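Read the structure below first, then the notes.
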2 protein chains.
Amino acid sequence: MNYALVLNLLGRLLAVEAGLMMPSLFVALADGGRDALAFAYSIILALAAGLLLILFFRPRERELHAYEGLVVVGLAWALLSAFGALPFMFSGAAGYFWDAYFETVSGFTTTGATIFSQVEQFGKGILFWRSFTHWVGGMGILILTLAVMPKLGARSAFLARAESPGPTFSRMLPRMRDTARVLYAIYAVMTLLLTGLLMLSGLPLFDAAIHALGTAGTGGFSNRNLSVGAYNNVAAEILITVFMFLFGTNFIVYFRLLKGEGIKALRHEEIRTYYLIGLVAIAVITLNTTAHYGDAATALRHASFQVASIMSTTGFSTSDFDLWPQFSRILLVLLMLIGACAGSTGGGIKVSRIMLMGKSAGREIGHTVRPRHVKTIKLEGRLVDAETLHSVMVFFIIYVFFLLLGTLLASLDGVNFTTSFSATASCLSNIGPGLSLVGPMESYGHFSPGVKYMFSGLMLLGRLEFIPLLVLFHPAVWRRAH
Amino acid sequence: MNYALVLNLLGRLLAVEAGLMMPSLFVALADGGRDALAFAYSIILALAAGLLLILFFRPRERELHAYEGLVVVGLAWALLSAFGALPFMFSGAAGYFWDAYFETVSGFTTTGATIFSQVEQFGKGILFWRSFTHWVGGMGILILTLAVMPKLGARSAFLARAESPGPTFSRMLPRMRDTARVLYAIYAVMTLLLTGLLMLSGLPLFDAAIHALGTAGTGGFSNRNLSVGAYNNVAAEILITVFMFLFGTNFIVYFRLLKGEGIKALRHEEIRTYYLIGLVAIAVITLNTTAHYGDAATALRHASFQVASIMSTTGFSTSDFDLWPQFSRILLVLLMLIGACAGSTGGGIKVSRIMLMGKSAGREIGHTVRPRHVKTIKLEGRLVDAETLHSVMVFFIIYVFFLLLGTLLASLDGVNFTTSFSATASCLSNIGPGLSLVGPMESYGHFSPGVKYMFSGLMLLGRLEFIPLLVLFHPAVWRRAH
């Protein structure tokens, strides 16, 4: 590994993070200066650390191997979360580093799992930073910093692969830098649009911005203890429901709409399947919870919001779905595993992977019946090669492995199976709430420090789709040369 | 599909099943004639149905396509379970067909999940039949009937593939008929040996036979409400612990021992991994349950028995492991998913499949770091081709799919997540008990008829490793010709 280059890049990213903390400093200053010093100190520390790394490590060889790019991605998310945790420490919002780190990892990974059961007493600066990490994390700190990376040569193209999960996305990007800007613009415009619409629905500017940032990043941190449910505002709920679905949609569709493809852009297998699953889940849960809510309209309202929230892996809530009938609760857990579309800001296994696995299973059965009949697997009209299928299945195996390992280790805290399983699924898929002791009205605050660090690791693993962190355990990575 | 041939074969298998009911009839007669009529009626019905099928359907073409063999396997297990359920109905042991069917499927699939919370009031004939289905199912009704099948031509060799799960087993069998006999002999001798040893440990002949049959088939039905725990007999527990592990071992090792390979026969990766997992699990659970039992010796005793019981997918119990600490309970659930060795009478995903998936994941990470370094995957010193790896992963995908689907559907009965998940895992892996409402001191009796049928289906799917039942949903199977 080219240590100088990797450390230099991490330094640059830290400097960028210092810049990303500036808006929160301004919010803190506007909030009567509350917690402004906490941000000032954090910015100075991140900047100093970043500059030190940049100055001390000057790479001679500026060519980046693919695996080194992955190492940068993996280390950057872990390191930037550590510095991003500083405002929580300095402001006194979190008393222990593991709590502040959990909250920041949860932010940058767009999970939205929180260790705070009460957030309304925090200053606006802290609340804004908390939600802003979602927004930054949503499209990837490293996509944001692509304006820096292209200087390192064309080989950095794999970064898009690492950050924007899924097989189809990278092929749309002939020139990474331009595409990053287009993505960034779409993302920013949609966020601003939602902020404006939420204000029209009656939310104050600050609340509208917080929930727009959380929706855009499919994160889920709220500035209200009762999440979106606190407003009891149907218009706002509908807006957030729609935008959660939209941010969980493969962004390729927005590209194609911008290119003027019109209705043709919607002829996308994954997106259609994603919305089909969503509609079926809403219908089934509405039926199953009508008795719980007393009438079908209320059931439909909460079912739609919660399905959009879980499928897009956002994690907002309007109702305590932990009180729903068992069937609906478990259906939500299954939606947690599936997650959103590839190429979106959402997490989870991803709809396109589920589709490819289903097609593989179907082909296997067909092959048994007609061994001489060769059947290919297609997605979006294109052939999917054996290597891609293999990668998808290995991803699934690793996902299930960490799901079960996390469930086992979380149980060391003595929590029940429903809690440990749903908490692990929720962290791996970057959602936030789970069931039972991590239900939407609960928090992750009661876990032991060790389990909180484990969940932080699971959130990072899930968000980065495992490989960028798992390569760190390969001995060859740490050798000086290849 | 060659309907005449398939139906003719099913008829032959029904006639064989009538014969297999004879020992139970004798036990019933020896038990003062209690339930003897129930067996007599059942035998007559099975024989009549079998003969009718044989006489009515006389195939012109006697060549069997591979997929037709699978269809026979799938239909046979479902059909023979229906006729095997008759003694439970005629004797009055079960009041409803879905209960009798569940119990018989559970027997033939060597699951041992029971709908009866009290079994000690049943006659010895019924109890013997219940356990004998384990023994028959254990090595596969169809392996038993291989003396009939070879007449159909060499193409029936796939039957061994369908019945004896796993990639390595069928390669040892150059002449299927001879091998079936050798297997049958090993199996019978080991069962008789265990029966004798259990009698030496103090169990009455009948109890010794019941538990030997259940151990051999890795089934788990007991004639005592408290299972093996009822005897509080350490010697018997140790014997059953050892034999549960032995019957969960890849039978290839016994072949090789018979061939005189000696210690070399034990150089088997899967078997070593299987025992390693078992020892680690015993050690960890002993530590974790010492406080629960008050001393380490008692904890070790129950941990060993339960780990052997779950890993071998038998399902006997000596202690209510549902009262264990969360960590140990969840560890048992993970062992349920892993299961036993391929080529054994045990169920589950199988140790060799877990190993291949782990190796694939490791290779993927290595490939990311060193893309030009080609790494092959080996098991037992032999190269594993891409097609086998693909099949293993597809198996895993289908397993997880049915695990989640079963969990969801079982929750329609309103049971908690722990119950529905562990019950589904237990049925799919052919174990028997699970956690919470299906814990070792509970039964499946409280489920609704629909969910009982679903669990019956899951037991069949798991035992037959999905494909023989899933091909029934392929439209091409039902066409008259190919």
Side-chain angles (χ1 to χ4, degrees), chain A residues 65-67 70 288 325-331 333-334 337 357-358 360-361 363-366 368-371 373 386 389-391 393-398 400-401 404-405 407-418 420-422 435-436 466-468 470-471 473-477 482, chain B residues 65-67 70 288 325-331 333-334 337 357-358 360-361 363-366 368-371 373 386 389-391 393-398 400-401 404-405 407-422 435-436 466-468 470-471 473-474 476-477 482:
Chain A
H65 285 279
Y67 81 91
L70 291 172
N288 191 238
Q326 296 291 349
F327 179 83
S328 292
R329 290 171 82 220
I330 292 177
L331 189 56
V333 174
L334 302 197
L337 303 180
M357 291 194 289
S360 297
R363 183 177 63 170
E364 188 89 351
I365 294 158
T368 308
V369 178
R370 294 186 289 187
H373 186 89
L389 283 179
H390 186 79
S391 290
M393 293 183 187
V394 167
F395 173 89
F396 181 66
I397 288 164
I398 297 176
V400 174
F401 170 77
L404 297 176
L405 183 69
T407 303
L408 181 66
L409 293 179
S411 74
L412 282 170
D413 273 5
V415 296
N416 61 46
F417 180 63
T418 310
S420 55
F421 187 91
S422 67
L435 299 178
S436 195
F466 307 111
I467 301 293
L470 294 183
V471 290
F473 295 93
H474 197 290
V477 162
H482 278 279
Chain B
H65 285 281
Y67 81 90
L70 291 172
N288 191 237
Q326 296 290 349
F327 181 82
S328 292
R329 290 171 83 221
I330 292 177
L331 189 54
V333 174
L334 301 197
L337 303 181
M357 290 194 290
S360 296
R363 183 176 63 170
E364 187 88 353
I365 293 159
T368 308
V369 179
R370 294 187 290 187
H373 187 88
L389 283 180
H390 186 79
S391 291
M393 293 183 187
V394 167
F395 173 90
F396 181 65
I397 289 165
I398 298 175
V400 173
F401 172 76
L404 297 177
L405 183 69
T407 303
L408 181 66
L409 293 179
S411 74
L412 282 170
D413 273 4
V415 296
N416 60 45
F417 180 62
T418 311
T419 301
S420 56
F421 187 90
S422 67
L435 298 178
S436 193
F466 307 111
I467 302 292
L470 294 183
V471 290
F473 294 93
H474 197 291
V477 162
H482 276 280

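Please read all numbers here as calculations on a predicted model, not as lab measurements. By convention in this document, chain letters (A, B, ...) are assigned in the order of the sequence lines, proteins followed by strands, and residues within each chain are numbered from 1. Both backbone and side-chain heavy atoms feed into the values below; hydrogens, waters and symmetry mates do not.
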Cut-off 4.5 Å, heavy atoms of chain A, and the answer for B/S391 is both
Value for NE2 (A/H390) from CD (B/E364), rounded to nearest 0.5 Å, stands at 5.0 Å
### Query
Taking atom types as modelled and ignoring hydrogens, do the side chains of B/N416 and A/T418 form a donor-acceptor contact shorter than 3.5 angstrom?
no
Rounded to the nearest 0.5 angstrom, the CZ-CG distance for A/F417 and A/L408 is 10.5 Å
Evaluate the side-chain proximity of A/S420 to B/Q326: yes if any heavy-atom separation is below 4.5 Å, no if none is. no
When the 4.5 angstrom heavy-atom criterion is applied to B/F421 and chain A, the contacting part is side chain
So, the part of A/L334 with a heavy atom under 4.5 Å from chain B: the answer is side chain
One should read off an interatomic distance between B/I330 CD1 and A/T407 OG1, to the nearest 0.5 angstrom, of 6.5 Å
Bottom line for A/I397: the part with an atom under 4.5 Å from chain B's heavy atoms is both
If one checks every heavy atom of B/V400 against chain A at 4.5 Å, the contacting part turns out to be side chain
Interatomic distance, CG@A/L435 vs CZ@A/R329, rounded to 0.5 Å, equals 4.5 Å
So, the part of B/L404 with a heavy atom under 4.5 Å from chain A: the answer is both
So, the part of B/I398 with a heavy atom under 4.5 Å from chain A: the answer is side chain
